[in-house]
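Because the structure is a prediction, the values reported are computed rather than measured. Computed from heavy atoms alone, side chains included, the values below leave out hydrogens, waters and symmetry copies.
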Amino acid sequence: MTRTSLSAAQARRIALAAQGFTDRPPSGAPTSAHLRRVVGRTRLLQMDSVNIAARAHYMPMFSRLGPYDRDILDRAAWRPRRGSRLLVEYWAHEAALIPVGDWPLFGWRRDEFRDGRYRFTRELMSRNRELARDVHAVIVEGGPSTPKEIEAHLGIVRQAGVPGGWWHRGEVKHLCEAMFAAGDLSAVRNENFVRHYDLTERVIGTDVIDVHLDRADAHRELTARAACALGVATAADLADYYRTKSVDMRSAIGDLVDAGELTPVTVEGWRDPAYLHTRAVIPRRTDRTAILSPFDPLVFFRPRAERLFDFHYRIEIYVPEHKRVHGYYVLPYLMGDDIVARIDLKADRKAGSLLVLGAFLEEGRAEKVVADRLAADLAAMSGWLGLDRVDVGERGDLSRALSAAVR
């Protein structure tokens with residue numbers, strides 16, 4: 001497909017196809033092969049610790065395929081059968097699951113993170129080389145371990161009154177994080193999502209970690225993967241996908257244009273030039289509906305979501321409650337090639353209910369059509385999460401129609 005200009009509607013359909021929203025749905029229950037297909041489209045699954053509805057990395061497969069057994073993903077990432085690991089944790093867009101085969105593409109990032117991602121961690125590592133060696137030795141001997149287990153093995157007692165959460169981590173946790181960022185350690189998760197650190201060669205194998213790529217080659221390949229996952233994208237879109245630096249991105253784009261893998265195009269309403277991937281397709285129409293995670297690759301770069309769908313979206317987790325516009329954990333709702341609504345969701349597992357705390361219709365959308373289709377998708381999501389029912393609250397201009405549709 002060779003074009004020099006695209007309409008806004010064409011760009012939307014290209015993006016949806018590239019992300020797998022026009023792929024044929026499975027005829028039966030989704031399998032590990034379907035997970036491979038989804039990851040082949042998205043190239044990564046962003047992770048997030050918030051579990052108020054469903055953890056972020058589980059949602060993209062549900063959004064594209066419907067209800068599935070989450071053990072499929074857990075086995076692919078953390079509990080594989082011998083020789084069958086598909087995914088591994090690393091810093092891609094943010095914390096993410098990436099294909100094991102993509103590990104060598106981030107060697108340059110592991111070099112940059114040799115002593116950790118943050119100044120505090122780097123300073124801590126420089127002062128505690130011996131403790132870092134001790135931590136490493138414990139993992140060599142004992143296998144996958146949590147920081148608390150490592151501390152217990154080393155006889156480390158935390159200062160009284162200092163908790164072990166995110167903002168008050170002990171030194172061992174920080175050192176584990178630094179060695180994870182450097183690629184010396186990798187991680188597996190248990191059923192409670194607790195990270196256990198292990199040697200990277202034991203998690204993904206020496207045949208993968210021994211592959212070393214030149215920085216320029218790695219960036220060219222990452223840019224190609226991002227372009228394929230996005231379909232059509234600006235330079236800013238491409239750089240954001242794997243959080244790469246613009247100087248590396250510009251060089252990679254130039255190489256891919258010269259190679260014919262990317263074609264410069266203009267898109268109606270887009271201020272900046274865009275690039276069309278050679279494998280991009282323009283479906284005639286899209287009719288998929290999907291509840292999206294805030295961290296779905298379709299929308300995780302908010303400027304792109306606004307350009308594609310005229311959808312201004314900001315997650316409000318860190319906004320004080322009295323200042324929130326839509327709610328704590330608000331998920332976009334896709335219908336066809338349009339984002340038509342947003343819903344503030346919470347899984348009340350004790351009560352067996354999927355709570356819609358707020359439902360908001362985007363301007364100009366058909367209320368009853370949206371409510372009817374959203375009600376069906378919420379019922380599917382409720383069952384997928386093992387909940388008995390959907391309960392709709394009163395906040396938002398879509399809540400009344402949605403409540404009626406759910407009933």
Heavy atoms, side chains only, cut-off 4.5 Å: are [X] and [Y] in contact?
X: Phe311; Y: Leu334; answer: no
X: Tyr197; Y: Leu175; answer: no
X: Pro264; Y: Val257; answer: yes
X: Leu355; Y: Asp391; answer: yes
X: Asn51; Y: Arg349; answer: yes
X: Leu105; Y: Arg225; answer: yes
X: Ile14; Y: Leu276; answer: yes
X: Val340; Y: Leu374; answer: no

Exercise. Run the side chain to side chain contact (heavy atoms under 4.5 Å, CB included) check on Ile253 and Arg250 step by step: do they pass?
Worked result: CA-CA 5 Å; Ile253 289 173; Arg250 284 194 297 269; 5.8 Å; no

Regarding [X] and [Y], do their side chains bring together a donor and an acceptor under 3.5 Å, going by distance alone?
X: Tyr333; Y: Glu362; answer: no
X: Arg122; Y: Ser126; answer: no
X: Asp237; Y: Thr234; answer: yes
X: Asp74; Y: Tyr58; answer: yes

Under 3.5 Å donor-acceptor, [X] side chain and [Y] backbone:
X: Ser63; Y: Ile291; answer: yes
X: Arg202; Y: Val140; answer: yes
X: Asn192; Y: Val194; answer: no
X: Thr200; Y: Ser186; answer: yes
X: Glu367; Y: Leu361; answer: no
X: Gln19; Y: Pro297; answer: no
X: Glu268; Y: Ser7; answer: no
X: Asp198; Y: Ala187; answer: no

Problem set entry | From CA spacing to verdict: side chain to side chain contact (heavy atoms under 4.5 Å, CB included), Ser5, Thr266 | CA-CA 5 Å; Ser5 63; Thr266 59; 3.4 Å; yes

Exercise. Does the pair Lys245 and Glu112 meet the rule for a salt bridge (charged side-chain N to carboxylate O under 4.0 Å, His left out), with working shown?
Worked result: CA-CA 12 Å; Lys245 296 177 181 177; Glu112 291 183 352; 3.4 Å; yes

Problem set entry | Heavy atoms from other residues, nucleotides or ligands near CZ of Arg215 exceed 12 (cutoff 6.0 Å) |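 Buried by this count: over 12 neighbours within 6.0 Å.
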
For this session: Check whether more than 12 heavy atoms from other residues, nucleotides or ligands sit under 6.0 Å from atom CZ of Arg400, and answer yes or no.
Result: no

Could you measure the distance from the [atom1] atom of [X] to the [atom2] atom of [Y]? Nearest 0.5 Å is fine.
X: Leu154; Y: Leu131; atom1: CG; atom2: CG; answer: 6.5 Å
X: Asp48; Y: Phe295; atom1: CG; atom2: CZ; answer: 4.0 Å
X: Arg43; Y: Asp102; atom1: CZ; atom2: CG; answer: 4.5 Å
X: Asp348; Y: Ile52; atom1: CG; atom2: CD1; answer: 10.0 Å
X: Phe106; Y: Ile98; atom1: CZ; atom2: CD1; answer: 4.5 Å
X: Arg37; Y: Arg41; atom1: CZ; atom2: CZ; answer: 8.0 Å

Does a salt bridge link [X] with [Y], judged by any charged N lying under 4.0 Å from a carboxylate O?
X: Glu191; Y: Arg79; result: no
X: Arg302; Y: Glu306; result: no
X: Asp310; Y: Arg12; result: no
X: Lys368; Y: Asp372; result: yes

For this session: Kindly determine whether Glu321 and Tyr328 satisfy side-chain hydrogen bond (donor to acceptor under 3.5 Å, both in side chains), including the steps that lead there.
Result: CA-CA 8 Å; Glu321 184 174 0; Tyr328 178 80; over 6 Å; no

Closest approach of [X] and [Y], non-hydrogen atoms and distance?
X: Arg109; Y: Thr244; answer: NH2-N, 4.2 Å
X: Val208; Y: Trp103; answer: CG1-CB, 3.8 Å
X: Leu16; Y: Asp337; answer: CD1-CA, 3.5 Å
X: His219; Y: Asp248; answer: CD2-CB, 3.2 Å
X: Thr42; Y: Ala229; answer: O-CB, 4.2 Å
X: Arg304; Y: Ala233; answer: NH1-CA, 3.7 Å

Taking the six-membered ring of [Y], is the NZ or CZ of [X] close enough (under 6.0 Å from the centre) and on axis enough (within 45°)?
X: Arg117; Y: Trp91; value: yes
X: Arg70; Y: Trp384; value: yes
X: Arg307; Y: Phe301; value: no
X: Arg55; Y: Phe193; value: yes

For this session: Quick one: do Ser32 and Arg36 satisfy side-chain hydrogen bond (donor to acceptor under 3.5 Å, both in side chains)? Show the steps, please.
Result: CA-CA 6 Å; Ser32 58; Arg36 289 178 181 273; 5.4 Å; no

For this session: Go through Glu89 and Leu97 one step at a time and tell me if the side chain to side chain contact (heavy atoms under 4.5 Å, CB included) criterion holds.
Result: CA-CA 5 Å; Glu89 284 191 42; Leu97 292 169; 3.6 Å; yes

Exercise. What's the verdict on ring-ring contact (aromatic ring centres under 6.0 Å, His included) for His93 and Phe300, showing C-alpha distance, side-chain angles and the deciding distance?
Worked result: CA-CA 9 Å; His93 176 75; Phe300 63 25; 3.6 Å; yes

Exercise. Only one of Tyr118, Phe120, Phe180 clears ring pair (Phe, Tyr, Trp, His ring centres under 6.0 Å) with His174; which?
Worked result: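 The ring pair (Phe, Tyr, Trp, His ring centres under 6.0 Å) with His174 is passed solely by Phe120 among Tyr118, Phe120, Phe180.
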
Exercise. Knowing that exactly one of Arg365, Arg13, Arg285, Arg288 qualifies, which makes a salt bridge (charged side-chain N to carboxylate O under 4.0 Å, His left out) with Asp338?
Worked result: Arg365

Problem set entry | Option among Leu256, Thr223, Asp255 that satisfies the side-chain contact (heavy atoms from CB on, under 4.5 Å) test with Glu261 | Leu256

For this session: Show the numbers, then the answer: is there a side chain to side chain contact (heavy atoms under 4.5 Å, CB included) between Arg85 and Val188?
Result: CA-CA 11 Å; Arg85 187 183 300 277; Val188 294; 4.2 Å; yes

